[in-house]
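A short write-up of the structure that comes next.
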There are 2 protein chains.
Amino acid sequence: MAAEPRRADEILEVAARLFYERGYPSVSIRALAHASGIQGGSLYHHFASKEEMLYRICLYGSEGFFAGLGPTLTAGGSFSERLQEFVRSYVLRFWERRYPIAVLFRESHHLSPAHSEELRLVRRRFQQRFQRFLAEGVAAGEFTVPDPKVAGIAVLDLLNGIDNWRRTSGRLGIEEVAGNYAVLVAQLVGARSRKGASV
Amino acid sequence: MAAEPRRADEILEVAARLFYERGYPSVSIRALAHASGIQGGSLYHHFASKEEMLYRICLYGSEGFFAGLGPTLTAGGSFSERLQEFVRSYVLRFWERRYPIAVLFRESHHLSPAHSEELRLVRRRFQQRFQRFLAEGVAAGEFTVPDPKVAGIAVLDLLNGIDNWRRTSGRLGIEEVAGNYAVLVAQLVGARSRKGASV
DNA sequence: GTCTATAGCTTGATAGAC
DNA sequence: GTCTATCAAGCTATAGAC
């Protein structure tokens, strides 16, 4: 990735789009090569296998995304304020990298067991980090949910659903969608300011 | 489906599970046959093609599910009460038929264009029906959301996420999960009783 | 770094016996 | 209703020329 980055990354960007649209097993080596303007055999100069292509796409989707969201949960401000920033940041980052991230979420079970497990753990740790944040908010009296673990999964599922329905031609800009979701998630967790006033 | 229902339906039940676990393109005719204890060629006595198997599974997932949920939105009671019953019913029905329904949601783009479009329309009409319900609840002063269309999609995405994380061995029974989600969704839409008291 | 050619295998589907 | 045998096509990956 450092030695000869450019051509390989161009190919992976095209491949991410194809895996996103048709699913990993339905995209042949020939189709991947054709979309990059080369022949099938030439791909093996850049990658050892089709699985390696999927792995590097998933890794790119994972890198930065989960790690970049962590700080929003530990920044200053009330739990409600931090949650708002988390949601806003999640939506914008997700949308920006939606092809590799959606491929990570939907196709990573086609990876080798080792690669699949590696990526699953990163995601799992992130989910747990978010669930802990909600539990802390409940303990602090800012959030009200029946079960922070269920609520955490529900929020993340809701956010991940964006790429199922939003189109670039949509009625709302991505900033508006982010603002909308920030309000909905705040209501979902029963957020109220520390002053005690109902939201 | 009425003339010679039994054997074909047994095969489809096994097939739904396999498509659910591995994805349609990754399940071969031979694998489908093996899981039903017969040979590959024998499947073509029951089905004209692999695509027909997928179609009938998706159709089974769709049938009853969407139509059965409609009445909960038009039943008696306040908007909040109807929403509670909708969510409860959604979770229980979804879980009961999770293999064919998840296959419908995740794999129907592998159908022929005509079949895919047919099922897409049924789902789309259901989504719109639910969005209209939320808009009416907002107009009646029972719900508060920034945009009923976005809120509707968000709620359905949240509910559909269940099969991503719940296992039959899970900590909570499906009834508990349903109750949990009913509370979360009520909070998400800002539900308050007609008396005006904050939930 | 890309090409052509091809090995080795699996795929969905068909034909015909029983 | 299930079997065996098989076809034609497509698949991933490799080899070697340029």
Side-chain angles (χ1 to χ4, degrees), chain A residues 1-58 103 107-116, chain B residues 1-59 103 106-116:
Chain A
M1 194 130 87
E4 201 64 10
R6 258 242 297 268
R7 189 72 179 110
D9 287 351
E10 281 174 13
I11 293 170
L12 288 180
E13 194 175 332
V14 172
R17 179 83 186 252
L18 288 179
F19 290 159
Y20 175 86
E21 288 170 347
R22 308 187 207 162
Y24 174 77
S26 299
V27 181
S28 68
I29 287 287
R30 288 167 177 79
L32 289 166
H34 178 76
S36 287
I38 55 177
Q39 294 297 314
S42 305
L43 277 180
Y44 291 87
H45 174 76
H46 302 281
F47 311 101
S49 66
K50 188 183 166 190
E51 194 265 358
E52 189 198 320
M53 298 182 70
L54 178 61
Y55 176 62
R56 288 179 57 174
I57 289 168
C58 290
V103 167
E107 309 291 330
S108 59
H109 62 287
H110 291 116
L111 290 167
S112 71
H115 284 159
S116 181
Chain B
M1 194 131 86
E4 200 65 11
R6 258 244 293 271
R7 189 70 178 110
D9 287 350
E10 282 174 13
I11 294 171
L12 289 181
E13 194 175 332
V14 173
R17 179 83 187 252
L18 289 179
F19 289 160
Y20 174 85
E21 288 171 346
R22 308 186 207 162
Y24 175 77
S26 298
V27 181
S28 68
I29 287 287
R30 284 161 180 81
L32 289 167
H34 178 78
S36 286
I38 57 178
Q39 294 296 314
S42 305
L43 277 180
Y44 290 87
H45 175 76
H46 303 282
F47 312 101
S49 66
K50 189 183 167 189
E51 193 266 356
E52 188 197 322
M53 299 183 68
L54 177 60
Y55 176 62
R56 289 179 59 173
I57 289 168
C58 289
L59 203 59
V103 167
R106 299 196 310 225
E107 309 290 331
S108 60
H109 63 288
H110 290 116
L111 291 167
S112 71
H115 284 160
S116 180

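A cation-pi arrangement is found for B:Arg106 relative to B:Tyr20, the charged atom lying closer than 6.0 Å to the ring centre and inside a 45° cone about the ring normal.
Within the 4.5 Å cutoff, the side chain of B:His115 has no heavy atoms near those of the B:Ser108 side chain. Contact check for A:Pro25 versus A:Glu107: side-chain heavy atoms found under the 4.5 Å cut-off.
Counting heavy-atom neighbours within 6.0 Å of B:His34 NE2, excluding the residue itself, gives a total of 12 or less.
Rounded to an integer number of Å, the gap from CG of A:Leu32 to P of D:dG10 is 17 Å.
By the 30° and 60° cut-offs, the orientation of the rings of B:Phe19 relative to B:Tyr24 is perpendicular.
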Query - Worked verdict on A:Ile38 versus A:Arg7 for side chain to side chain contact (heavy atoms under 4.5 Å, CB included) - result: CA-CA 12 Å; A:Ile38 55 177; A:Arg7 189 72 179 110; 3.7 Å; yes
Requested in this report: Take B:Glu13 and B:Arg17 through the side chain to side chain contact (heavy atoms under 4.5 Å, CB included) test and state the conclusion after the steps.
Outcome: CA-CA 7 Å; B:Glu13 194 175 332; B:Arg17 179 83 187 252; over 6 Å; no
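Within a heavy-atom distance below 4.0 Å of DNA chain D, the residues of residues 38-51 of chain B found are B:Ile38, B:Gln39, B:Gly41, B:Ser42, B:His45, B:His46. Only A:Val27, A:Ser28, A:Ile29, A:Arg30, listed by number, bring a heavy atom of residues 11-30 of chain A to less than 4.0 angstrom from any atom of DNA chain D.
Ion pair A:Arg56/A:Glu52 flagged as a salt bridge, since at least one NZ, NE, NH1 or NH2 atom sits closer than 4.0 Å to an Asp/Glu carboxylate oxygen.
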